[in-house]
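This is a predicted model, so every value here is computed, not measured. Proteins come first, then strands; the chains are lettered A, B, ... in the order of their sequence lines, and each starts at number 1.
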Number of protein chains: 2
Amino acid sequence: MAHDHAHEHPKQELSSLTEQLRRKALKITGPRRRILDLLRNQPHPMTNKEVFAALGEGCDLATIYRSMHMLVGMGMVKRYDFGDGVARFELVSEGGDDHHHHLICRECSKIIEIDECFPGEFQDQIAAASGYRDVTHTLEFFGVCPTCQ
Amino acid sequence: MAHDHAHEHPKQELSSLTEQLRRKALKITGPRRRILDLLRNQPHPMTNKEVFAALGEGCDLATIYRSMHMLVGMGMVKRYDFGDGVARFELVSEGGDDHHHHLICRECSKIIEIDECFPGEFQDQIAAASGYRDVTHTLEFFGVCPTCQ
DNA sequence: CTCGATGCAAATCGTTTGCACGTGC
DNA sequence: GCACGTGCAAACGATTTGCATCGAG
């Protein structure tokens with residue numbers, strides 16, 4: 001069901017995260033540790049600027065952009081696009097089956113995580129009919145939240 | 001079903017389009033006529049830069065941005081976001097029930113229009129459970145087209 | 001010690017805007 | 001003629017990149 005805050009996706013431990021970096025022969029630096037630790041405690045996707053503001057002097061903005069790109073590339077972080085021209089990033093939760101979507105208020109930008117998705121056969125049928133392989137999708141909902149109505 | 005090119009959405013006549021502008025007391029200028037006429041003949045969404053390239057000296061890039069914004073505002077054009085940081089625009093087809101999505105090749109960006117959508121109850125249920133009103137969604141598919149496999 | 005990572009600043013890219021001029025109606 | 005629309009250039013915000021330095025392994 002749609003849930004407001006503190007979604008129940010189990011966020012990975014920092015030790016587990018740094019271990020993943022180590023496995024790929026990537027360095028565990030202060031900035032990277034700080035970024036991962038911050039994302040671990042976020043219920044919703046964050047923009048790079050928000051991460052920058054939260055980390056203060058802890059990390060350069062360019063480093064955040066570079067880190068996010070790297071983390072997305074290795075599948076530890078997922079990138080979302082809410083149509084306002086700013087990328088948002090969310091830590092992928094433990095199991096890996098953290099496929100979910102968002103419902104964003106058009107007025108105040110309040111976000112609710114949506115765990116449900118449409119039946120998989122819908123997408124399978126599209127893949128079959130088109131001949132495309134490895135089909136994925138992006139799906140976000142927009143509306144007006146109770147407060148803003 | 002998913003179809004390759006020349007989707008069957010009936011594109012509006014230029015005369016019908018300019019009539020809509022007139023109704024809103026907006027001026028029918030050369031640039032606007034050229035933009036609408038170009039969009040009428042496009043099977044897929046176009047970026048502003050593509051429109052600019054297609055129109056050559058016919059219209060300034062800033063005018064294209066301003067026109068698209070205006071056309072989206074009055075519901076004659078729909079804006080799409082394929083996650084690459086560039087907005088794309090498509091003329092809304094005649095009836096108005098032209099709600100559709102796209103399947104984009106991750107390799108060559110080839111686009112296929114998808115007319116189907118998931119059952120409306122799915123979205124209704126999300127709206128009901130969250131208390132959000134006027135809920136809409138963005139949904140795009142990504143995969144690897146037959147040619148690029 | 002070595003190579004990847006960082007900070008800083010400059011560059012790029014999509015998009016927006018200020019302003020003087022041009023033109024539908 | 002007036003208000004809206006346009007062209008041109010400057011401004012902007014998000015993201016990327018070049019380069020010298022720094023630090024994890």
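Rounded to an integer number of Å, the gap from CZ of Phe52(A) to C1' of dT15(D) is 14 Å. Counting to the nearest Å, the C1' atom of dA14(D) and the CG atom of Asp84(B) are 14 Å from each other. We find that NE2 of His69(B) is positioned 16 Å from C1' of dG5(D), with the value rounded to whole Å. Straight-line distance from the CZ atom of Phe89(B) to the P atom of dT15(C): 7 Å, rounded to whole Å. Between the CZ atom of Arg88(A) and the C1' atom of dT15(D) there is a distance of 15 Å, rounded to whole Å. To the nearest angstrom, C1' of dA5(C) lies 12 Å from CG of Leu21(A). The CD1-P distance, from Ile35(B) to dG5(D), rounds to 12 Å in whole Å. The CZ atom of Arg34(B) sits 10 Å away from the P atom of dT6(D) (whole-angstrom rounding).
Taking 4.0 angstrom as the limit, Tyr65(A) places a side-chain polar atom (N or O) nearer than this to OP1 or OP2 of dT15(D). Between Thr63(B) and the phosphate of dG7(D), there is a side-chain N or O to OP1/OP2 separation shorter than 4.0 Å.
Counting only heavy atoms from C-beta outward, the side chains of Met76(B) and Leu39(B) never approach each other to under 4.5 Å. Side-chain contact between Glu90(B) and Gln42(B): absent, with no pair of heavy atoms (C-beta onward) separated by less than 4.5 Å. Residues Leu38(B) and Val51(B) are in side-chain contact: their nearest non-hydrogen atoms beyond the backbone lie under 4.5 Å apart.
In this structure, the nucleotide among dT6(C), dG14(C), dG13(D) sitting nearest to the side chain of Lys49(B) is dG14(C). Counting only heavy atoms from C-beta on, Leu61(A) has its side chain closest to dT15(D) among dG7(C), dT15(C), dT15(D).
Between His99(B) and His137(B), the angle of the ring planes goes over 60°, which puts this pair in the perpendicular group of the 30/60° scheme.
Taking all atoms of both residues into account, the shortest heavy-atom contact from Ser130(A) to Pro146(B) is O-CG, 3.8 Å. Nearest heavy atoms, Pro45(A) versus Phe82(A): CG-CZ, 4.1 Å. Considering every non-hydrogen atom in both Gln149(B) and Gly131(A), the closest pair reads NE2-O, 2.7 Å.
Between the side chain of His100(B) and the backbone N or O of Asp98(B), at least one donor-acceptor pair lies under 3.5 Å.
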> Could you run down nucleotides 20-25 of chain D 5' to 3' and tag each one B, S or - for protein heavy-atom contact under 4.0 Å?
Replying inline: ---BBS
Atom pairs under 3.5 Å, N or O on each side, protein against nucleotides 8-11 of chain D: can you list them with distances?
none

>> Would Arg40(A) and Asp37(A) count as a salt bridge (Lys or Arg N to Asp or Glu O under 4.0 Å) here? Give the steps.
In response: CA-CA 5 Å; Arg40(A) 278 186 55 239; Asp37(A) 202 35; 2.9 Å; yes
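Between Thr47(B) and Met70(A), it is Met70(A) whose nearest contact on DNA chain C lies nearer the 5' terminus.
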